A.B. asks: 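Mind having a look at this structure? Questions to follow.
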Amino acid sequence: MNLENIMDTNGKIAKLRAEMKARDLDAYVIPSTDPHISEYVPEHWSSRSYMSGFNGSAGTFVVTMSKSGLWTDGRYFLQAENQLSGSEVELHRLGNAGVLDFPDWLCHNLAKGNTVGFDGSVFQTSLAESLRSKLQDYEIKINTHFDLIKDVWKDRPGLPKNTIFEQPTKFSGESALSKIERIRTDLKDNNADTIILSALDDICWTFNIRGNDVNFNPVCLAYSIITLSKVVLYIYPEKVPTQVKDNLSSIGIEFKNYDDFIKDVSAIVKSKIFYDKQRTNYKIYETIDKNSNKLILGLSIPTKFKSQKNPIEIANIKSAMVRDGVAIANFQYWFENAFAKGEELDELKVMSKLRSYRAEQDMFFGESFNTIAGFASNGAIIHYGASEETSKKIDDSALFLLDSGGQYLDGTTDITRVFHLGTPTKEEKTDYTNVLKGMIDLNMAVFPRGTRGSQLDVLARKALWDRFENYKHGTGHGVGCFLNVHEGPQNIRTEENSTQLEIGMICSDEPGLYRAGKWGIRIENLVAVSSAVSSEFDEFYKFDNLTLYHIELKLVEKELLTEKQVKWLNDYNNEVFTKISPFLTEEKKKWLEEKTKAI
């Protein structure tokens with residue numbers, strides 16, 4: 001962080017403390033989310049980034065009258081160290097021994113009778129309740145009614161009002177009316193009559209609409225209330241084209257202004273409301289009349305439904321994967337030849353070039369997240385984002401990690417590959433091959449119905465654990481269909497998650513290994529849960545590969561692989577060549593044939 005940024009961050013904190021003092025607040029908490037509990041937020045709600053100077057996608061910023069701290073996880077430690085350096089903000093490395101999470105830290109750093117403030121509209125209900133309960137044990141109060149950021153951020157951007165569009169059933173595989181009726185059936189099965197939807201991907205999935213209000217996720221700002229007899233979509237009217245409004249109105253959907261939502265929540269009476277505390281903000285929870293209404297808690301119904309892709313969605317995603325694989329092949333061919341010709345390459349240039357190759361493909365909408373292009377030591381920063389200040393020149397001396405994805409009208413992609421323009425060292429190849437072993441072993445897993453992702457995670461880590469190595473991120477996350485690149489409820493990680501893996505769920509398979517100051521390695525495919533076989537013991541599931549791009553053979557030490565792993569690798573690379581090569585020039589086809597030859 002340069003001196004100007006340090007002064008800017010410290011100055012903002014000083015202004016915030018003045019606002020806190022005026023309202024008798026002893027601490028103020030700023031999360032990373034918005035009123036929709038989103039991962040990627042419109043700039044209007046990027047308050048944590050604005051205030052702290054740390055712009056990673058996950059973290060919590062806390063300011064007291066004498067201290068300030070940023071809490072984030074292992075994916076962001078190196079990035080946060082760089083961006084917070086020199087400012088007064090202390091980095092709290094979550095997961096490290098002895099590091100308190102911010103609620104416990106507040107309990108130990110505030111006094112009895114103090115007050116913690118936060119804006120309830122950007123706080124997850126479950127987190128707010130947990131924080132309130134913990135602070136009460138220390139006789140510390142909370143106040144959820146102040147958005148102090150608006151008083152500090154004078155040129156704060158307004159809310160986005162971009163035009164929405166429909167996702168046709170040829171891509172979604174199911175009409176909005178069918179989805180609404182399924183939701184109503186599930187409401188009745190749960191003895192409920194109303195559901196409040198605030199998660200943007202839930203809303204866009206339910207109504208088969210898409211938008212462009214946030215970076216990377218094709219969603220739009222909206223709320224919805226669905227009852228057994230009525231459906232209301234809360235959205236700014238200027239966002240909705242006449243044809244979209246007419247089509248949705250024809251199936252009984254009523255449109256109201258986005259700003260009317262909270263008022264209408266307060267007017268709900270004598271209802272049994274299905275409520276997801278993980279995906280709904282605390283202001284909504286506080287607004288509901290608990291005396292008149294009954295809350296029935298559970299996982300948001302659209303979240304559950306959309307996690308299992310239907311056959312049309314799976315077919316469309318597979319089609320998008322072919323185009324994505326072609327784009328990356330065109331990119332790698334350019335990348336290697338540009339270097340051979342002496343062209344100067346750096347991380348930012350490579351990111352731009354990759355995007356341009358994706359943009360050439362049919363139905364490309366945009367990137368699915370900010371590309372992670374990390375050469376040498378930058379690759380060891382798990383969620384690294386290249387900037388003008390950090391972008392390294394790329395040469396033939398080290399590994400280059402490239403984690404990227406595309407949003408296509410028919411599917412979402414997310415792929416990580418590692419390249420080397422020169423001759424990899426023995427250590428680089430050993431690290432790469434052990435990561436690959438874990439990726440393959442998880443990919444080949446066969447498991448009984450009812451299995452959870454946490455039960456499979458060890459398959460991806462075993463080869464590393466055998467060497468006393470590990471990585472500080474999950475192994476797999478759910479992925480949407482032309483929706484959020486990170487979606488739940490399923491995942492594959494060491495932490496327990498009660499969600500069982502079901503047919504149609506898509507997960508990433510992405511083990512890694514990171515050596516600070518040297519390099520990072522991650523190899524990632526997307527896979528879909530499918531049926532394997534029904535035996536006398538149970539129904540068994542397996543993973544089907546979706547991602548279509550070859551594994552870099554020059555980095556593989558064959559002797560470290562088992563026969564089954566070698567067969568998987570050869571079969572996979574052959575499949576990539578078979579499906580990708582028809583869309584390449586003859587010259588590139590020969591190049592890919594060499595890349596995918598059997599070992």
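Quick caveat, the model's predicted, so the values are computed rather than measured.
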A.B. asks: Any Lys/Arg nitrogen of K472 or D73 sitting under 4.0 Å from an Asp/Glu carboxylate oxygen of the other?
C.D. replies: no
A.B. asks: Looking at K15 and E19, is any side-chain nitrogen of the basic one under 4.0 Å from a carboxylate oxygen of the acidic one?
C.D. replies: no
A.B. asks: Angle class for the H486/H477 ring planes (parallel below 30°, perpendicular above 60°, tilted otherwise)?
C.D. replies: perpendicular
A.B. asks: Do F123 and Y282 have their ring centres less than 6.0 Å from each other?
C.D. replies: no
A.B. asks: Check whether any side-chain heavy atom of D276 lies under 4.5 Å from a side-chain heavy atom of D202, and answer yes or no.
C.D. replies: no
A.B. asks: May I ask you to test the D193-L187 pair for a side-chain heavy-atom distance under 4.5 Å?
C.D. replies: no
A.B. asks: Rounded to the nearest 0.5 Å, what separates atom CD in E313 from atom CD in Q308?
C.D. replies: 11.0 Å
A.B. asks: Could you tell me whether E90 and K67 have a side-chain N and a carboxylate O separated by less than 4.0 Å?
C.D. replies: no
A.B. asks: Are side-chain heavy atoms of R522 and D403 found at a separation under 4.5 Å?
C.D. replies: yes
A.B. asks: Between N162 and D213, does any side-chain donor sit less than 3.5 Å from a side-chain acceptor?
C.D. replies: yes
A.B. asks: How are the rings of F305 and W205 set relative to one another: parallel (under 30°), tilted (30 to 60°) or perpendicular (over 60°)?
C.D. replies: tilted
A.B. asks: Specify the closest pair of heavy atoms between M351 and A386, including all atoms of both residues, with the distance to one decimal.
C.D. replies: SD-CB, 3.8 Å
A.B. asks: Taking the side chain as everything from C-beta on, heavy atoms only, tell me whether S68 gets closer than 4.5 Å to R17.
C.D. replies: yes
A.B. asks: Please determine if E174 and R182 form a salt bridge, counting it only when a charged side-chain N lies under 4.0 Å from a carboxylate O.
C.D. replies: yes
A.B. asks: Atom CG in D457, atom OG1 in T475: separation rounded to 0.5 Å?
C.D. replies: 3.5 Å
A.B. asks: Can you name the nearest heavy-atom pair linking D101 to W71, along with the distance?
C.D. replies: C-NE1, 3.6 Å
A.B. asks: Provide the closest heavy-atom pair for P35 versus N281 in the form atom of the first, atom of the second, distance.
C.D. replies: O-ND2, 2.8 Å
A.B. asks: Anything under 30° is parallel, anything over 60° is perpendicular, the rest tilted; go ahead and classify F216 against Y40.
C.D. replies: perpendicular
A.B. asks: Do D24 and T115 come within less than 4.5 Å of each other through their side chains, counting heavy atoms only?
C.D. replies: no
A.B. asks: Give a yes/no verdict on a cation-pi contact between K245 and F255, requiring under 6.0 Å between NZ or CZ and the six-membered ring centre and an angle within 45° of the axis.
C.D. replies: yes
A.B. asks: Please confirm whether the backbone N or O of L110 pairs with a side-chain atom of N114, one donor and one acceptor, at under 3.5 Å?
C.D. replies: no
A.B. asks: Give a yes/no verdict on a cation-pi contact between R48 and F54, requiring under 6.0 Å between NZ or CZ and the six-membered ring centre and an angle within 45° of the axis.
C.D. replies: no
A.B. asks: Check for a donor-acceptor pair, side chain of N310 on one end and backbone N or O of I312 on the other, with a separation under 3.5 Å.
C.D. replies: yes
A.B. asks: Among side-chain atoms of K179 and N208, is any donor-acceptor pair under 3.5 angstrom?
C.D. replies: yes
A.B. asks: Under 4.0 Å between a Lys/Arg side-chain N and an Asp/Glu carboxylate O for D26 and K141?
C.D. replies: no
A.B. asks: Does a side-chain heavy-atom distance below 4.5 Å link T9 with I13?
C.D. replies: yes
A.B. asks: Grab the two heavy atoms, one from P241 and one from T163, that are nearest each other, plus how far apart they are.
C.D. replies: CG-CG2, 3.3 Å
A.B. asks: Is any NZ, NE, NH1 or NH2 atom of the basic residue among E181 and R184 found under 4.0 Å from an Asp or Glu carboxylate oxygen of the other?
C.D. replies: yes
A.B. asks: Can you measure from CD1 (I142) to CD (E129) and round to the nearest 0.5 angstrom?
C.D. replies: 9.5 Å
A.B. asks: Please test T144 against E286 for side chain to side chain donor-acceptor pair (under 3.5 Å), starting from the C-alpha separation and ending with a verdict.
C.D. replies: CA-CA 10 Å; T144 67; E286 289 186 302; 2.9 Å; yes
A.B. asks: Would you call the rings of H473 and Y471 parallel, tilted or perpendicular if under 30° counts as parallel and over 60° as perpendicular?
C.D. replies: tilted
A.B. asks: Tell me if the aromatic rings of Y223 and Y258 count as close, with their centers under 6.0 Å from one another.
C.D. replies: yes
A.B. asks: On the ring face of F364, is R323 found with NZ or CZ under 6.0 Å from the centre and within 45° of the axis?
C.D. replies: no
A.B. asks: Once the angle between the rings of Y76 and H383 is folded into 0 to 90°, is it parallel (under 30°), tilted (30 to 60°) or perpendicular (over 60°)?
C.D. replies: perpendicular
A.B. asks: Short question: side chain of S47, backbone of I30 - any donor-acceptor pair under 3.5 Å?
C.D. replies: no
A.B. asks: How long is the span from the CG atom in L91 to the CG atom in L70, to the nearest 0.5 Å?
C.D. replies: 6.5 Å
A.B. asks: So, N293 side chain and I268 main chain: donor-acceptor pair closer than 3.5 Å or not?
C.D. replies: yes
A.B. asks: Under a plain distance cut-off of 3.5 Å, with no hydrogens placed, do N55 and S49 share a side-chain donor-acceptor pair?
C.D. replies: no
A.B. asks: Does atom NZ of K290 have more than 12 heavy-atom neighbours from other groups under 6.0 Å away?
C.D. replies: yes
A.B. asks: Hey, are the side chains of D324 and Q361 touching, using non-hydrogen atoms and a 4.5 Å cut-off?
C.D. replies: no
A.B. asks: Any Lys/Arg nitrogen of D137 or R132 sitting under 4.0 Å from an Asp/Glu carboxylate oxygen of the other?
C.D. replies: no
A.B. asks: Just by modelled atom types, is the E510 backbone N or O under 3.5 Å from a matching donor or acceptor in the S508 side chain?
C.D. replies: no
A.B. asks: Please tell me whether Q167 and S172 have a donor and an acceptor in their side chains that are separated by less than 3.5 angstrom.
C.D. replies: no
A.B. asks: Is K306 salt-bridged to E487, going by a charged N under 4.0 Å from an acidic O?
C.D. replies: yes
A.B. asks: When you check the gap from the basic side-chain N to the acidic O, do K304 and D186 get nearer than 4.0 Å?
C.D. replies: yes
A.B. asks: Of all the heavy-atom pairs spanning L483 and P218, show the shortest one and how long it is.
C.D. replies: O-CD, 3.7 Å
A.B. asks: I would like to know whether Y408 and F365 meet ring-ring contact (aromatic ring centres under 6.0 Å, His included); could you show each step before the answer?
C.D. replies: CA-CA 5 Å; Y408 300 86; F365 183 79; over 10 Å; no
A.B. asks: Using salt bridge (Lys or Arg N to Asp or Glu O under 4.0 Å), reason through E254 and K230 one step at a time and then give a plain yes or no.
C.D. replies: CA-CA 8 Å; E254 178 184 346; K230 186 176 181 179; 3.6 Å; yes
A.B. asks: Quick check against the 3.5 Å criterion: does H44 have a side-chain atom that pairs as donor or acceptor with the backbone of P157?
C.D. replies: yes
A.B. asks: Quick one: does NZ or CZ of K161 land under 6.0 Å from the six-membered ring centre of Y236, within 45 degrees of the ring axis?
C.D. replies: yes
A.B. asks: Are F118 and L131 close enough that some pair of their side-chain heavy atoms sits under 4.5 Å apart?
C.D. replies: yes
A.B. asks: Salt bridge check, D151 against R23: does any charged N sit closer than 4.0 Å to a carboxylate O?
C.D. replies: yes
A.B. asks: Taking the six-membered ring where the residue is Trp, are the ring centres of F171 and F482 under 6.0 Å apart?
C.D. replies: no
A.B. asks: Looking at K256, I want to see if its NZ is surrounded by more than 12 non-hydrogen atoms of other residues, nucleotides or ligands under 6.0 Å.
C.D. replies: yes
A.B. asks: Would you find a donor on one side and an acceptor on the other, under 3.5 Å apart, between the side chain of S292 and the backbone of D289?
C.D. replies: no
A.B. asks: Using 0.5 Å steps for rounding, measure from the CD1 atom of I195 to the NZ atom of K272.
C.D. replies: 14.5 Å
A.B. asks: Specify the closest pair of heavy atoms between T412 and L526, including all atoms of both residues, with the distance to one decimal.
C.D. replies: O-CD1, 3.9 Å
A.B. asks: Roughly how far, to the nearest 0.5 Å, is CD1 of I317 from CG of L546?
C.D. replies: 6.5 Å
A.B. asks: Between Y275 and S300, does any side-chain donor sit less than 3.5 Å from a side-chain acceptor?
C.D. replies: no
A.B. asks: So if I apply the side chain to side chain donor-acceptor pair (under 3.5 Å) rule between S454 and each of R493, E496, E495, which one comes out positive?
C.D. replies: E496
